[in-house]
Amino acid sequence: MNAITGTAHTPTSADLVPAGPDRADPAHAAASAAADLPRSIPEYLQRLRQALHGADPALVQDALYDAEEYLRAELAENPGKSEAEVIASVAGSYGAPDEVAEIYRDTEVKVQTALRPPKPAPRRSWLGRFFGVALEPRSYGALFYMLLSLATGTFYFTWVTTGLSLSLGLLILIIGVPLLILFLASVRVLALVEGRLVEVMLGERMPRRPLYTDRERPWLERIKDVFTDPRTWGTLLYQLLMLPLGTAYFTIAVTALAVSLSFVAVPLAVWFGLFDGNICLDGDCSYAGDLGVLPGVVLWPLSLLIGIVLLFATLHLARGIGYLHAQLAKALLVRWG
């Protein structure tokens, strides 16, 4: 809260005019600020959400989690105070919703600036833009994510199908309901893990905090929130989609790398004497340069050039797939509903 200071002066006729909003005394300003504070934690969170309108949804989720956790902890430590009294008492240390929103926006800019890899110098020619992809770390992060996605996709798909089958099949028994709840909780944990992979490798801002659950609320209401939250079902859909997507990503990455590196490696192997250029099928060997219209002296340099172009095209393809997948992850794990 801002303190208002001044200097002693001789009263004038202007001092006899009743103070307006801009001439309020400190006590009146403090009272106005206190009256403007939210009266409950849900109202505080709603105003914080409004103040963060237009910000990244992942940032909004983190800010709401931190704010609710802090306010609930203060309320638990002061059982004799109401929510309005607790909010008023921590307004000076934690801040009003507008102040907290501004702090989060400023901090996000600083953190993203510090974590973002340095951008290479802008290239105007199309050749510079095409080959400059090799200097961008996100290209290799996206390529590695494509190779890793087969393993993660298989695990997610197996976990979801097994968990759903067991929990739904056991619903007729008492153990089925808690098993289903534990399964959905584990899905949310896996969503945070996947979010970290997406943020680190693909560069898309993802939540770093889970969805807050007030432990003081009745457990039936908390269970209802899990089932009614669209992000629960968005996460399940995402993890089911990861198997076909992961298979496709892995296949594309391996095929593109194998073809491009083969075009590069064969000419080098010929020039270094590691390969004689003969292709043998069923014992019948023929020199590769005699199989087409191009002689070997032209074929091998052309093969090397094609391999290099395909290798850089693979990096561009990986970046494009990484961007599209990051948007899918953001839509289903964060923005869903």
Side-chain angles (χ1 to χ4, degrees), residues 1-2 30-108 110-111 177-178 180-196 199 205-235 330 333-337:
M1 301 178 65
N2 295 329
S32 299
D36 189 52
L37 288 174
R39 306 294 296 174
S40 64
I41 294 178
E43 182 183 353
Y44 186 101
L45 298 177
Q46 180 61 29
R47 288 181 54 177
L48 178 58
R49 186 189 299 273
Q50 293 173 354
L52 287 171
H53 178 72
D56 192 293
L59 171 65
V60 176
Q61 178 174 321
D62 291 346
L64 293 176
Y65 177 89
D66 291 338
E68 185 161 10
E69 184 180 42
Y70 180 82
L71 294 176
R72 296 289 181 188
E74 289 293 327
L75 186 63
E77 292 179 1
N78 300 275
K81 293 184 178 181
S82 64
E83 292 186 5
E85 291 173 335
V86 169
I87 291 174
S89 64
V90 302
S93 58
Y94 193 76
D98 294 341
E99 297 171 339
V100 173
E102 189 65 27
I103 291 173
Y104 269 90
R105 290 180 186 273
D106 293 342
T107 304
E108 182 71 8
K110 295 177 182 177
V111 171
V177 174
L180 179 60
I181 296 171
L182 289 175
F183 164 69
L184 294 179
S186 69
V187 167
R188 289 192 173 190
V189 174
L190 289 178
L192 285 177
V193 175
E194 175 66 13
R196 304 313 306 142
E199 183 167 357
R205 174 67 159 88
M206 297 295 287
R208 298 158 190 169
R209 305 284 192 277
L211 295 172
Y212 185 83
T213 301
D214 182 12
R215 296 178 179 86
E216 297 180 0
R217 296 177 60 197
W219 62 274
L220 286 177
E221 293 185 8
R222 285 183 279 163
I223 293 175
K224 180 182 177 182
D225 290 342
V226 173
F227 286 95
T228 57
D229 187 357
R231 278 168 289 194
T232 300
W233 310 109
T235 301
K330 194 65 165 286
L333 300 181
V334 185
R335 291 198 186 101
W336 182 271

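From a predicted model like this one, the values you see are computed outputs, not experimental measurements. Count residues from 1 along the sequence.
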Open item on the list: Please check: side-chain N/O of Ser89 versus main-chain N/O of Val86, any donor-acceptor pairing under 3.5 Å?
Closed with: yes
- [ ] Determine the minimum heavy-atom distance between Leu48 and Ala101, stating which atoms define it.
- [x] CD1-N, 3.8 Å
Open item on the list: Less than 4.5 Å apart, side chain to side chain, heavy atoms only: is that true for Glu83 and Pro42?
Closed with: yes
- [ ] Check for a donor-acceptor pair, side chain of Trp233 on one end and backbone N or O of Phe227 on the other, with a separation under 3.5 Å.
- [x] yes
Task: 4.5 Å side-chain heavy-atom contact, Val100 and Tyr94 - done: yes
Open item on the list: Nearest 0.5 Å, please: how far is OG1 in Thr228 from CD1 in Ile223?
Closed with: 11.5 Å
- [ ] Check whether any side-chain heavy atom of Arg188 sits under 4.5 Å from a side-chain heavy atom of Asp229, and report yes or no.
- [x] yes
Open item on the list: Counting C-beta onward and ignoring hydrogens, is there a side-chain heavy-atom pair between Ile181 and Val226 closer than 4.5 Å?
Closed with: no
- [ ] Would you name the heavy atoms of Val334 and Pro57 that are closest together and state the gap between them?
- [x] CG1-CB, 3.5 Å
Task: Gln61 to Arg209 - nearest heavy-atom pair and separation - done: NE2-O, 2.9 Å
TODO: Write down the atom of Asp62, the atom of Met206, and the distance for their closest heavy-atom approach.
DONE: OD2-O, 4.5 Å
Task: Check: Leu52 and Arg105 side chains under 4.5 Å, non-hydrogen atoms - done: yes
Task: Side chain to side chain, Glu108 and Arg205, heavy atoms closer than 4.5 Å - done: yes
Open item on the list: Looking at every non-hydrogen atom in both residues, tell me the closest pair between Ala51 and Asp98 and how far apart they are.
Closed with: CB-OD1, 3.6 Å
Open item on the list: If the condition is side-chain contact (heavy atoms from CB on, under 4.5 Å), which residues does Glu43 pass it with, not counting sequence neighbours?
Closed with: Pro38, Arg39, Ser40, Arg47
Open item on the list: Within the structure provided, determine whether Asp56 and Lys330 are in side-chain contact (heavy-atom separation under 4.5 Å).
Closed with: yes
Open item on the list: To the closest 0.5 Å, what do you measure between OH (Tyr70) and CD1 (Ile41)?
Closed with: 11.5 Å
- [ ] Return the set of residues passing salt bridge (charged side-chain N to carboxylate O under 4.0 Å, His left out) with Glu77 (not counting sequence neighbours), or none when no residue passes.
- [x] none
Open item on the list: Quick one, Arg196 and Arg208 - any side-chain contact, counting heavy atoms below 4.5 Å?
Closed with: yes
Open item on the list: Ignoring hydrogens, what is the shortest heavy-atom contact between Leu37 and Ala88? Give both atom names and the distance.
Closed with: CD1-CA, 3.8 Å
